[in-house]
2 protein chains.
Amino acid sequence: MAKNEFICDCNAIHRDVVDNTSKNMLEADTFNRIADFFKILGDTTRAKILFALDQNEMCVCDIANVLGMSKSSISHQLGTLRRSGIVKCRKSGKEVFYMLDDDHVKKVIEMCIEHIEHKK
Amino acid sequence: MAKNEFICDCNAIHRDVVDNTSKNMLEADTFNRIADFFKILGDTTRAKILFALDQNEMCVCDIANVLGMSKSSISHQLGTLRRSGIVKCRKSGKEVFYMLDDDHVKKVIEMCIEHIEHKK
DNA sequence: TTGACAGTTGAATAGTTATTCATATATAAT
DNA sequence: ATTATATATGAATAACTATTCAACTGTCAA
């Protein structure tokens, strides 16, 4: 196999490892989805919102007060979470109550906390 | 309790829910750590690197070839992963071999893939 | 129907970050 | 010593994103 079948200009390639690993890689789209999922959790505000919603469904105003942030900011983030299918909402009069829409999120957050405690 | 003990200017607050949830919230620093952890996974390049390293330890050049990206770019990302304690490395001559340094990462990624499959 | 209020949304700003390029360091071979 | 190579790194650019502000929608009450 010629050197320039490989993208980068090194001689240090371990071809068997590279070939084998390449074969096992998932589709590009799958990695995008993985990254997108974690990107959602990778923001302090959203992490707080999800942790809070794990305890109670809440209206936008409640969440804003729990986090000490503006309603607009919270609403933007809830929009992001809703579009990702991680939270869902129900309307009741003027209020909109948000709740988790994903079992995995809870587990993933718990595992993450475990990780953090472990690394301390 | 006076209205302005709450941060935002709504009347729609459910005080018991807000008070209770507030009590159960973790420290700000903990949420920052949670978000920082997920931020690391929340990038396509880093997700690919971690998935690849889950199969074999590899040198920078190998990873660059598996991902089809420049060595410099990969090296920057490996630095980020190393500083986060998610990968570690060993030197062997001119080469530097990287490997996972965290059991949780594997589990978290697997759970994430499960989540993605489930939502399809 | 008018006013008040819960929530949403678009635009703007400010901060962050991934990649590239050029350069630097470290190791091995000649 | 000198050269080649593997990796690291600083600076710059470009792309992305969180929050704010202002304006808007929809609902309830008077």
Side-chain angles (χ1 to χ4, degrees), chain A residues 3 6-14 17-18 31-32 35-36 38-50 57-84 87-99, chain B residues 3 6-14 17-18 31-32 35-36 38-50 57-84 87-99:
Chain A
K3 183 173 169 183
F6 292 98
I7 293 281
C8 96
D9 59 338
C10 342
N11 302 317
I13 301 166
H14 304 84
V17 172
V18 170
F31 284 113
N32 289 332
D36 286 345
F38 287 124
K39 231 172 266 177
I40 293 292
L41 299 169
D43 174 82
T44 309
T45 301
R46 287 191 294 266
K48 287 178 185 170
I49 291 174
L50 294 173
E57 68 166 27
M58 278 187 279
C59 71
V60 177
C61 192
D62 290 341
I63 302 170
N65 276 283
V66 169
L67 302 208
M69 293 177 67
S70 74
K71 277 179 290 184
S72 176
S73 177
I74 298 298
S75 183
H76 274 295
Q77 295 294 8
L78 287 170
T80 301
L81 291 168
R82 192 159 25 79
R83 267 173 259 118
S84 311
V87 306
K88 62 185 173 186
C89 61
R90 67 177 175 83
K91 287 189 90 167
S92 168
K94 281 182 288 186
E95 297 171 78
V96 181
F97 289 89
Y98 281 84
M99 64 209 80
Chain B
K3 182 174 168 183
F6 292 98
I7 293 281
C8 99
D9 59 337
C10 341
N11 302 317
I13 300 166
H14 304 83
V17 173
V18 171
F31 284 113
N32 288 332
D36 286 345
F38 287 124
K39 229 172 268 177
I40 293 293
L41 299 169
D43 174 81
T44 309
T45 301
R46 286 191 294 267
K48 285 179 187 170
I49 291 174
L50 294 173
E57 68 166 28
M58 278 187 278
C59 70
V60 177
C61 191
D62 289 341
I63 301 171
N65 275 282
V66 170
L67 304 209
M69 294 178 67
S70 74
K71 281 178 286 183
S72 176
S73 178
I74 297 299
S75 182
H76 274 296
Q77 295 294 6
L78 287 170
T80 301
L81 291 168
R82 193 158 25 79
R83 268 173 258 118
S84 312
V87 305
K88 62 184 172 185
C89 61
R90 68 177 174 84
K91 287 190 88 167
S92 168
K94 282 181 287 187
E95 296 171 79
V96 180
F97 289 90
Y98 281 83
M99 63 209 80

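Computed from a predicted model, the values in this text were never measured in an experiment. Residue numbers begin at 1 in each chain, while the letters A, B, ... track the order of the sequences.
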- Message: So does A:A35 get a backbone contact from the side chain of B:R46, meaning a donor-acceptor N/O pair under 3.5 Å?
- Response: no
- Item | Atom pair distance, as rounded to whole Å: NZ in B:K39 and C1' in C:dT16 | 8 Å
- Distance, rounded to the nearest Å, where A:K71 contributes NZ and D:dT19 contributes C1': 16 Å
- Message: Between A:S75 and C:dT9, is there a contact of a side-chain N or O with OP1 or OP2 at under 4.0 Å?
- Response: no
- Task: Grab the CD1-C1' distance between B:I13 and C:dG7 for me, whole Å please.
- Result: 14 Å
- Can you measure from CE (A:M69) to CD1 (A:I49) and round to the nearest 0.5 angstrom? 7.0 Å
- Query: At under 4.0 Å, does any side-chain N or O of A:S70 touch on OP1 or OP2 of D:dC21?
  - Reply: no
- Side chain B:H76 and base C:dT20 donor-acceptor under 3.5 Å: yes
- Task: For the pair A:F38 and B:F38, name the ring-plane relationship: parallel under 30°, tilted 30 to 60°, perpendicular over 60°.
- Result: parallel
- Query: Between the base of D:dT9 and the side chain of B:S72, is there any donor-acceptor pair under 3.5 Å?
  - Reply: yes
- Query: Is there a donor-acceptor pair closer than 3.5 Å between any side-chain N or O of A:S70 and the backbone N or O of A:S73?
  - Reply: yes
- Roughly, in whole Å, what's the span from CE in B:M69 to P in C:dT20? 6 Å
- Taking atom P of C:dG7 as reference, at what distance in whole Å does atom NZ of A:K91 sit? 10 Å
- 5'-most by nearest nucleotide on DNA chain C - B:Q77 or A:I74: A:I74
- Item | Which residue lies more 5' along DNA chain D, comparing A:K94 with A:S73 via nearest heavy atoms | A:S73
- Residue mapping more 5' on DNA chain D - nearest nucleotide basis, B:E95 or A:G42: B:E95
- Message: Just the rounded figure in Å: distance from C1' of D:dT7 to NZ of B:K88.
- Response: 20 Å
- Note on the structure: Rounded to the nearest 0.5 angstrom, the NZ-CG distance for B:K39 and B:N32 is 7.5 Å
- Query: Between A:D36 (CG) and C:dA18 (P), how many Å, whole number?
  - Reply: 14 Å
- Using a cut-off of strictly less than 4.0 Å, decide whether A:Y98 has a side-chain nitrogen or oxygen near OP1 or OP2 of C:dT8. yes
- Query: Once you round it to whole Å, what is the distance between C1' of D:dA6 and CD1 of B:I63?
  - Reply: 13 Å
